[in-house]
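A short worksheet on the structure shown next.
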Amino acid sequence: VFINEGKDTPLCAVKEIEKSGETYWTPQQKESEVFSEDTAYIMNRMLREVVTDGTGISAQVTGLDVCGKTGTSEYGDHWFVGMIPGNVCAVWYKSDKDMDAETADAARICKGVFEKIGADASEQYSIPTGVKEEVYCKKSGLLAGEQCQETGIGYYKEGTFSKLCEECR
Ligand SMILES: [Zn+2]
């Protein structure tokens with residue numbers, strides 16, 4: 001849903017059943033909207049940060065807009081769900097033994113999959129008309145003013161813009 005404008009499509013392993021050379025059955029995959037296109041895009045950009053500046057950094061592929069989420073458990077489970085436009089890859093990795101971080105890096109395994117499928121780097125997510133990209137102050141969390149030193153790119157729905165930062169001087 002984070003790469004499909006908030007719409008969920010039921011998964012189906014069978015594409016088609018033929019009988020006597022003719023299509024006998026195809027899955028009825030009805031899309032349903034789980035949340036708005038705006039919310040999906042904002043979540044997508046938050047998940048992008050996991051890969052550019054977070055725990056999923058080893059999933060980065062040059063030229064591809066990879067986003068995703070890592071997960072671990074105290075029982076040796078390692079997950080990474082990675083997304084690029086048009087594709088999702090979920091990796092679950094489990095080990096009873098103590099493994100070094102690099103061997104158990106699910107994000108790196110996902111990177112290898114994205115490199116192998118030869119994804120089209122020209123495919124990009126498009127920003128919905130209801131979402132605005134703004135520079136925010138990392139200190140206050142408000143919209144950045146000229147005085148703010150540490151800033152980042154934030155994504156805001158129409159009508160949810162925060163005030164201008166007045167903390168930094
Ligand atoms: Zn500030």
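Whatever order the structure lists ligands and atoms in, that order sets their numbers, starting from 1.
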Side chain T23, main chain W25, donor-acceptor under 3.5 Å: no

Counting no waters, how many protein N/O/S atoms sit under 2.8 Å from the Zn ion (ligand 1)? 4

For the residue pair V50 and T55, establish whether any side-chain heavy-atom pair is separated by less than 4.5 Å. yes

Least distance between heavy atoms, T129 atom then E158 atom: O-OE1, 3.9 Å

Parallel, tilted or perpendicular: rings of Y155 and Y41 (30°, 60°): perpendicular

T39 and K157 side chains, donor-acceptor separation under 3.5 Å: yes

Among pairs that include at least one residue of residues 37-63, which meet salt bridge (Lys or Arg N to Asp or Glu O under 4.0 Å), considering only residues two or more places apart or in two chains? R45-D65, R48-D65

